[in-house]
Structures are given as structure tokens and as C-alpha cells.
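What follows is a short report on a single structure.
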Amino acid sequence: MGSSLKIVGGEVYDPANGINGAVKEIYVQDGKIVEACREPSGVIDATNLVVMPGGVDIHTHIASSAVNAARGFRPEDHRHGLIAKKPGIRSGVGFTVPSTFATGYLYTKMGYTTVMEAANAPIGVRHTHEELIDTPILDKGLYILMGNNEFILKYLKAGEMEKVKRYVAWLIRSLKGYGIKLVNPGGVEQWKYGKDVEGLDDKVYYFDVTPRQILKALAWTNESLGLPHPIHLHANRLGIPNNYLTTLETMHALEGFRLHMAHIQFHSYGGENWGGFCSKAAEVAEYINTHPHITTDIGQVVFGDATTITADGPWQYRLYKLSKNKWYNQDVEVETGCGIVPYVYREKNYVNAIQWAIGLELFLLIQDPWRVSLSTDHPNGGAFIFYPWVIKLLMDKEFRSEMLKRVHKRVLSDTTLPNLDREYTLSEIAIITRAGPARALGLTRKGHLGVGADADITIYLKDSDREQMFEHPIYVLKDGVVVLREGELVGSRDGKLLFVVPPDVGEMDPEFKTEFENFYTIEYENFPIDAEDIPNREAIPAGASR
Amino acid sequence: MSERRFTLITGRTTKQGRSIHLGKEATEYLEEISTLQMNPKDVEALQLKDGEQVRLKTPYGSTVVKFKKGDIPQGLIFVAYGGFINSLVGPDTQATGMPNTKGIEVEVERYG
Amino acid sequence: MAEGVAVKEAKELTVVKGVTCPFCGVTCDDLEVHVVDGKIKDVKNACVLGKDTFMHHLEGWATPRIKGKPATIDECIEAAAEILAKAKYPLIYGLDSTELNAQRKAIELAELIGANIDHTSSVCHAPSLQAVQTVGISSCTVGEVKNRADLIIFWGCNPAEAHPRHPSRYSVTAKGLFTPKGKKDRMVINVDVRPTPTTRMADAFIQVKPNSDYEVFSALELNRFTKFQCAPMRGHGNVVGMAQVLTWQTGYPFAVNMSRGYPRFNPGEYSVADLLAHREVDAALIVAGDAIGNFPAKMAEHLQSIPLIAIDPKESGTTKVATVVIPTAQAGIAAGGMAYRMDHIPLVMKKVVDSPYPSDREVLERILAKVSSMKNGGNGAPSPASKGRG
């Protein structure tokens, strides 16, 4: 395949450009979508096929010190998936925590071409970049954990918002990050004493600031730096009965700011305790429907094996106690924590079945697909390879009814799922799996097939079994090059790192180096990462301050 | 000739860590890894004299090293990590991958 | 990332700051190396072990040779590639005292030739890695120890001699956020089978019988009462980095077998000690580690009976008996790259002086290319698919 080609005869779903199944030619030149090219060196006949932009995952855990700890700690997981080497294709293993090469291939085989690694301790970002370099084909970005950063807590305690802003810009610039991530703001710092925060107005020990203050400060910083993506929030009280109240309070507290609520399924629970555990999806969806400042990804639960990996150390300790599975904990100096616990979601387990139903309720009750992204919070709710199964649940009411007969019977009586008749259209699926996440990320060249877009394209065979259809694309093109044909990888290539260049808001104070070295254990000069250390990269400029 | 069973401990020492940079043939390195430390009471019981050597024996092999008195509990002997103890260690890893190099039962006798 | 930031202080003196020490798992990154006319003249901030690593890096250098006879590097690489291309069940081992990109290449080579790949963790921390796989671990980075820990227990370890700057940088006299008075803010306990120089810095010493540690404690359960963390004192060079990259590329931290074209893991079968004790491998490539010098005699015996390739800056028990010896520039001194601290924190290693020899990475890359062309060129070597014991 040369540097130009055209795709003819395909039914195109490109919701960002208002194209909904029209038969349309797509031209590609030098890795980009173009208006037309005279003599394309290749032609793909997509007659009777469906053409979409490559998938975009807004929230996944595929590469970090934490993910690698999970791999090393779960040899039993890897035997569920084996990829043998072939010319140009490296070997790999894995299921819920695949090795890096395997991760690139598995996403590609599912038609995804851009993914965002969702949680990175700053001091470990150098490690994440090395893993991402070894994650082929995909374009990747990473969010940096900041919700429990002791420099930010210290500046907040002193009321120094400008310092927070400069520090955040310095972190993103030094580490080549994409956005600001918060995990259980304040709670992970408390975990360093074996504790947690109970709500938005609990004070964090010593620093004397509240989750509410942290949330507002970072939301304000994000907007004033004009970062392309809103703050990406794993809210307080994840996984705990009655946490929907905290979720609603959090979204309310940040009115006036953009906010991405990550894996909101895990934050939509009612009930005073586990015995009373119930769905509050309707309440959460109602809030989102009436408040356009929110985008979200669902964190859908998939039955079977999962690996829970999160910076939310105190929650992982609870899950370890609940599940009695093995537990990995790593507290990270100055910045954050990390916990890992293997978990199995069971159809007949009441809580698990309700969690599964809550995710689907949220998908079906939130009206604007542009503000919902498909995720399983991989691998927390289950492995990303099950996205096609989730798509089938969303597109096929009959399939949902079959599943409802299998899962714990109280899902029928205790949730609204049996009464929800909505079926996603192909266009809506194209929104929640590519166009929507790309827009929420501010990635203007991803998630669409308009002129100037990156030529990341997935072509599917139409199939009334939507799981089959989305599990086995016929073609995947990355940067205009065919990487998958007839369902088989035909070659690998390097993907890019997407990183944001924040605006210049001033240097750090001269005394910062001393403070840094007082509390960290590495030299200040050794912390920043040279762009040259990342061979394939694309800088995304920040926009105007909001 | 008296002979006694001891528990052999191996580990890193500053001298061993420093002299290894001079090369594995360097006198300082070889000196450090071929010297056994023993409690003075054990030295007495074995009737060892300064400058003498001892032979260490296990079911896997034997080696000859110098000894010196050291601050170490009775019944234990210590030798720095290095080639001299390799012949005493068995290949069985009990399916862990790691041969047992700590807390090995050895027989110690005066040599020569 | 390879070049250090050089500050010219005088006409002939170059001071390279923020240098990462390649010797032990403390991975101090604050060394200042003084270079005059391409030679290291002094090292500031390092411990004695680190300082000697730099000051004596030229002593005991290996020379290129095949079957004991002097040869060029090119000839050695050719000979090494021939051995590896022909081997049916080879072993790649060592890989601790080198940098990330060389480790990457070693894994790629293992995949290409269907080798077993293992590293020095296997004969050192294999049981602790398996304990983590079985029950988990509650741990932290060393900065957490520096900033918060008010009780330190050194259990069966001797940082005073094995990790000399651990106490001052992280764990005993280090001053941090909630430990502004350093040692005065901490209780230090040493548990061991014998007193060591570490005992002298402890407030209390508890002597236990050899091989009786097992019944002791689980940091997991101690967390019911307060916040306890447990951290293995990982040791030599960049052994943690090798476990990291092997894990992200193959899923497993050590003892990986590639004979079926995809990674398999089984300590006790694919671990170096067992492969050698059972006399299974028919060729071996040892990179940046002395297998013969450190292995039980039975294992060393088998290594000496098969074609053996040693890639190492210095002569060792292994180079002495190897069929092919390829000297290289020492990672962290004469070759740049990346290394990991004992708590999995990644750090850049700088190149502070030149070496007449190529880096481990370059040698492995060239062997990889040669083996690859030999296999594709149909020189009679078996194809990878037909290899292994099945």
C-alpha cells in the first residue's frame, strides 16, 4: 500500500461531520484524510462494509508502574491469552493485564487506534513512557495523578493558587503528560496513615485542606491553562454504598467548570450498607442530562475475571478485606498511592449483577451520547477486549433480556434496566467509541473522517450480531497504513505519544529545587523527561484560557 | 582432629563490594571472599591457631578457606559472597529457582 | 538521554552532575563525576562502593577473544551469532549490570531464538517475587520511608555494607516531611542471625536463629493495627529494571521460556539454576553478570560444557571459560541508558566517559541482526517454530 489510497463503496459513520451511514469515498494521503487524490496507489473496496474512524479509549490502564506490578503479580492471568511471534509481530501474553505488545495488537484487532492511559504517578511517568514505546500501533496519551500531590496540598493550604497553576504546568511540561487526573482527592494522602476521607469537607491531616478545595483548585487550574481535556476525576468514595450522594455533590461543586467523571458506574450506588446496596443510576443520569459541563465514561462491569488497579489505596484495602484475594499496595512519595486486587464479577452475585445493571442503566438513561464514552475502566470492571459485548448489550434489547434471565434475579426487581427499551444506533456507537471521546479529549484530528484528520480508520462487516461485528473488523488503518486485513494483523508500526504543551505561566520559584529535594529522593534536574527520549510524539497545544 | 557442624551464612561485605572493582583476580578480592569468620569460643573448641586454614564440607563438595575471629554467634560461620562457597551449595531450588545459599549446614575441620 | 550535562570548570576538568550510580539498588542519582581528558579523576557524593565502581572501572577489563585466542569484536559477534542460531534450547542470563535498552534487545533475541531468559533475581529474590505473586505485598517508595517512617526494621539485611547510603538518604538519618530530626524521629531495629555493621546504627538488635524467619510477620496483617510497609532490599545494579522490562514485554518477572514462540513462566523449570542443574540448555549467552563466579559448582559445570558467550566489561569467572568473550562499555559509566531503583523508580544513567568498546545494547543489536539474517538466509539452522522440547 503506497502513501495514498481511497476507500470506496463503504457506508460511512462519521458523526462529527454529520455523516450517518451515507455511501461515500474516503481519500487518504500521507497518513491524513484528504479531499481527494488523483491517482491513489491503493483502493479498498468497502462495498457492503461499515467505515468508521478508529476507536478512541478515553480511560484505560494499560501502562504504568502500577499496571506492570499487576502483570508481575498475576502470572495466572496471562495463561488466558497467548500471542505467538510472527515476522514483524512480537509475542505476548495476557488477558486483564496484557503485556505491552499484546495490548497494542488487541486494541488494534478491536478497531481502536488511540488510547489514554488514565493514572500515572509523576515520578513513575518515565516508566510509563518506556512501556508506551513498547505498545505498538496505537497513539497514546497519559494523565498525571495530582489529587493528592503534597506540593499542591501545601500551596492550597497557603492559598497560593498561582503556585498551583505554575506547578501543574511544570508537571505536564516536564513529564509530557496529556491531562490532570484526580483519584479520591485527599483520600490517598489520608491512606498514608491507614485512613480515608469520608466526604468533600473532611480535612486532610496536616495539610488541612478538603477534597472540595482540591477539586475546585485543579478544575480552575485546568481551565486557566486552557488544557484540551477537562479534569479527569475518579471521585471520592468509589465502590461504597450510598456514594451517589458524594458523586452528585462533587458534580454540583464543580458547576462552572468542565468535568470528566471517570467510570461513573462505580460512583452511582445507593443503600446504607452492602445489604441495602442498590442502583442510583437514574439520579446520576438525571443530573448529567441537565448539566452540560459533565462528560463521563461508564466503567461497565463485565462478568468474569478483572484486575482492580487504582491509585485509590484505601478502597483497595477495603476490597482486599472484602474479597480476601491477594493485595498489592505501593505508596508513592509526595504524590499518590497504588493498590491492586484481583477480582471476579459473578452473574449470580447480587452486588456484581447490580453493578453490571447500573452501568447499562447509565448508558441508556444519559440522553446525549456525545457526553458518554464506552469504558470498562480496564481492567477494573473487566478487560477492554469485551467492549464488543458491551456494544451488543447497548444495541440489542433482546440480548439484554436474555442476560437479565441469567443474572441475579433481583436486578429485575431492583433496577430500571428491564424497562429500558432504548437501543443504540450505529451512529450512536460511533459517538461513544470514537467521536465523543475524541471531542472530550480535545483531539481535533481523532475520532472523525473529515479532511485533515489522522487516517485512523476501521472497517467492519455488517452483522446483526453486533458483538461479532465489532470484535472482528475487516480492515484497520493506522496513519493511512493497513495494519489489519481480513481480521489478521498484517504488520506492526510505532504509534505516537500525544502530549500537551501548556502555556508559559512562569518558572517555578528558585526555592522549589530545594523543597523538591527535601521531600523527594531524586535530584530535581533528573525529574523532567527529554522529548528526545520519546522517539514518536506529537505535541498538542493548549487552547485559550477559559 | 576435631570436627564440628556449623551453620554457614553468606552475604555482602564492604571489602567484597569494593575490591570486586579491582577485578575478580585481585588479591584484595580473593582475600576477602576466602576468609571465614568464626566465634572465638568456637575457634578455641576447634583448637585453631592463627594462620591455619579450615576445610568446609557439605554433601555437595568442600572448600578450604582461612579463618578469623569475628563477632558472630557460636555455631554460625560467615563467608562473604564469592566463588569460594560455590562448591558447598547444592543445585536443588525446591522449585523456587533459588539455590539455598543461606543457613547451610557445613562440617568444619582444621586443614593441613 | 545518553549524554551527561557537562559543566566546564577549568580547561581540562569536566564535572558531570546528577550522575546515577550503577552499582546497587539504592541507585543514588546525585553523584558528581570529575573527568579530565576523558578519564575519571574523582567522584563526589558516592559511597565507597559507588566511588570504586567509577574509579576502578578500567581495571580488570576483558578482551575480545574466541576459544581463548584474541579476535576482533566483529569476529566475536559473528561467532556468537553462529552459536545462538544453531542452538536448540539456549539460555540468556545475567542482565543486571546493564541498562534498559540492552535488556530490551536481550529479550528480543530470546524471542527470536526461542531461548530461556532469566536474570540474577532468579538466584536471589526469586522466592520473594513468588511470595508477592501468592499473597501480595504492602510497600512504598523510599521517599515514603524518608518522609514518614518512625519505626524501621532492618530484617536479615545489612545496608551498612550492602546499600551504604540507604540509611542516610532514605531510612535512618534522612530528614523528611514528618521526620525533620532524622534519626531522633525514628526507632531503628535490626533483626538478624548475627550482628553486623548495621547493628551499630540500630536502637535494638534482635538475634534470631538461622532459617527461622518464616513464622514471623506479614506486613499485610500488621496493617490492621497501623500503617506497615515492607520492601525487599533489592540489590545489584539494574536487576530491578530487568524484572520490570521482562514483565511488561512478556508478563513475567523472571524465568521466562520462549521455545514455543510465546512467553511461558515456570520457576523451578525455566529458572537458570534448574536449567543448568538438569543440564538442559545447549548454549548460553551471559550478559553483564558472572554466572560461573556465583553459581553452585554443579551448575557452573554444565555451563563450562556447552558453547558459552560472555558479554561483559570485565574479566570474571565466566569470561575465563567462555567460548566467546565480547567486552563492552560499562553501562552507567561509558554507556548511557535507564536503570531502576529498588522501589521501581526509573532513573536515567549518564555516559560520563567514552570506551573503546561498544555498548551492551549495540553488541546485542548486532548479534540480533546476524542471527536474524542467518535464520532467514536458510543456513541450515532450525526455524524457531520447530524448536524446543514442545
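Labels below follow one simple rule: chain letters A, B, ... track the order of the sequence lines, proteins then strands, and each chain is numbered from 1.
Both the backbone and the side chain of A:N68 have a heavy atom closer than 4.5 Å to some heavy atom of chain C. For C:Y170, the part lying near chain A is the side chain, with the backbone staying farther off; criterion is any non-hydrogen pair under 4.5 Å. For A:I83, the part lying near chain C is the backbone, with the side chain staying farther off; criterion is any non-hydrogen pair under 4.5 Å. Using a 4.5 Å cut-off between heavy atoms, C:D30 contacts chain A through both its backbone and its side chain. The contact between C:I107 and chain A is made by backbone and side chain atoms together, counting heavy-atom distances below 4.5 Å. For C:L246, no part lies under 4.5 angstrom from a heavy atom of chain A. For a residue to count as touching a neighbouring chain, one of its non-hydrogen atoms must lie under 4.5 Å from one of that chain's; by this rule C:S139 touches chain A with backbone and side chain alike. Heavy atoms closer than 4.5 Å to chain A are found nowhere in C:T27, neither backbone nor side chain. The part of C:P253 that comes within reach of chain A is its side chain, from C-beta onward, which places non-hydrogen atoms under 4.5 angstrom from that chain. C:I345 touches chain A through its side chain: at least one heavy atom from C-beta onward sits under 4.5 Å away, while N, CA, C and O do not. Neither the backbone nor the side chain of A:I534 comes within contact range of chain C; no heavy atom of the residue lies under 4.5 Å from a heavy atom of that chain. Residue contact with chain C, scored on non-hydrogen atoms closer than 4.5 Å, is absent for A:K195. Neither the backbone nor the side chain of C:Q130 comes within contact range of chain A; no heavy atom of the residue lies under 4.5 Å from a heavy atom of that chain.
Side-chain contact between A:I522 and C:L347: present, with at least one pair of heavy atoms (C-beta onward) separated by less than 4.5 Å.
Ring planes of C:F178 and A:F207: perpendicular class, angle over 60° (limits at 30 and 60°). Aromatic ring pairs are classed by plane angle as parallel below 30°, tilted from 30° to 60° and perpendicular above 60°; the pair C:F254 and C:H119 is perpendicular. Relative orientation of the A:F384 and A:Y107 rings is parallel, given thresholds of 30° and 60° on the angle between their planes. Ring pair A:F516/A:F512 is perpendicular by interplanar angle, where above 60° counts as perpendicular and below 30° as parallel.
Ring pair A:F95/A:H78: centre-to-centre distance not below 6.0 Å. When ring centroids are compared, C:F265 and C:Y270 stay outside the 6.0 Å threshold.
Comparing A:F527, A:F73, A:Y524 by heavy-atom pairs within less than 4.5 Å of chain C, the highest count is held by A:F73. Annotation: maximal heavy-atom pairing with chain A below 4.5 Å, among C:V145, C:L100, C:L177, occurs at C:L177. Looking only at heavy-atom pairs under 4.5 Å with chain C, the residue among A:E76, A:R79, A:E517, A:E525 that has the most is A:R79. Ranking A:S65, A:G194, A:P75, A:A70 against chain C, the residue ahead of the rest is A:P75, based on heavy-atom pairs under 4.5 Å. Highest contact tally toward chain A, considering only C:H344, C:Q133, C:E108, is held by C:Q133 [criterion: heavy-atom pairs under 4.5 Å]. Per-residue heavy-atom pair counts under 4.5 Å with chain A were compared for C:M258, C:R169, C:R148, and the maximum is reached by C:R148. When A:K86, A:Q330, A:K326 are compared by the number of non-hydrogen pairs under 4.5 Å with chain C, A:Q330 comes out ahead.
A:R74 and A:T307 share a side-chain donor-acceptor pair at under 3.5 Å. In summary, the side chains of A:E335 and A:Y520 do present a donor paired with an acceptor at a separation below 3.5 Å, with no hydrogens or angles considered. Between the side chains of C:Q229 and A:D331, at least one donor N or O lies within less than 3.5 Å of an accepting N or O. With no hydrogens or angles considered, no side-chain donor-acceptor pair links A:R90 and A:S99 at under 3.5 Å.
The only member of A:Y205, A:Y317, A:W315 that meets ring-ring contact (aromatic ring centres under 6.0 Å, His included) when paired with A:W191 is A:Y317.
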